[in-house]
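What follows is a single structure, written as structure tokens, with notes after it.
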Amino acid sequence: MKDKIHPDYQVAVVSCACGNTFETRSTLKEIKVEICSNCHPFYTGKQKLIDTAGRVDKFYKKYKIQPQNQG
């Protein structure tokens, strides 16, 4: 590899809008994000699946599939 052509790879602090911070490595010193694993609904368990406009039912009808009761 050639010398002096690669960017400086250093420790970076990632700051989320929720206030969570953690360290990683990057060519940037500071990275700001709007959402992280600490506040994302998928990781916190608050995510709700919504069937908007009957998309699941439309899928079942299109492929002639019987829905399975879960729960």
Side-chain angles (χ1 to χ4, degrees):
M1 294 191 323
K2 293 183 181 179
D3 290 335
K4 300 179 185 178
I5 64 166
H6 301 286
D8 185 28
Y9 195 61
Q10 57 198 351
V11 175
V13 177
V14 180
S15 303
C16 180
C18 72
N20 185 34
T21 61
F22 57 91
E23 289 184 348
T24 187
R25 296 194 41 100
S26 175
T27 56
L28 303 172
K29 287 186 178 183
E30 185 178 349
I31 302 170
K32 294 184 180 182
V33 295
E34 294 179 13
I35 196 160
C36 67
S37 62
N38 194 37
C39 60
H40 192 282
F42 179 80
Y43 296 109
T44 60
K46 296 179 182 177
Q47 181 178 19
K48 295 180 182 178
L49 299 175
I50 300 171
D51 179 20
T52 55
R55 291 181 183 171
V56 173
D57 293 330
K58 186 177 177 181
F59 175 84
Y60 285 144
K61 286 179 185 178
K62 180 177 180 180
Y63 293 103
K64 297 177 176 78
I65 298 173
Q66 292 295 326
Q68 296 177 352
N69 292 336
Q70 296 184 19

remark   = For E34 and A17 the tightest heavy-atom approach is O-CB, 3.6 Å

key: Straight-line distance of R25 CZ to E23 CD, nearest 0.5 Å   = 10.5 Å

remark   = Separation between CG (D8) and CG (L28), nearest 0.5 Å, reads 11.0 Å

task = Take N38 and C18 through the test side-chain contact (heavy atoms from CB on, under 4.5 Å) and record every step on the way to the result.
result = CA-CA 8 Å; N38 194 37; C18 72; 4.2 Å; yes

note = Nearest heavy-atom contact between Y9 and T27 is CD1-N, 4.4 Å

task = Could you walk me through whether S26 and I31 pass the side-chain contact (heavy atoms from CB on, under 4.5 Å) test, one step at a time?
result = CA-CA 9 Å; S26 175; I31 302 170; 4.0 Å; yes

query = Does CD in Q10 sit with more than 12 non-hydrogen atoms of other residues, nucleotides or ligands closer than 6.0 Å?
reply = yes

query = Got a second to check how far Y63's OH is from K58's NZ, nearest 0.5 Å?
reply = 10.5 Å

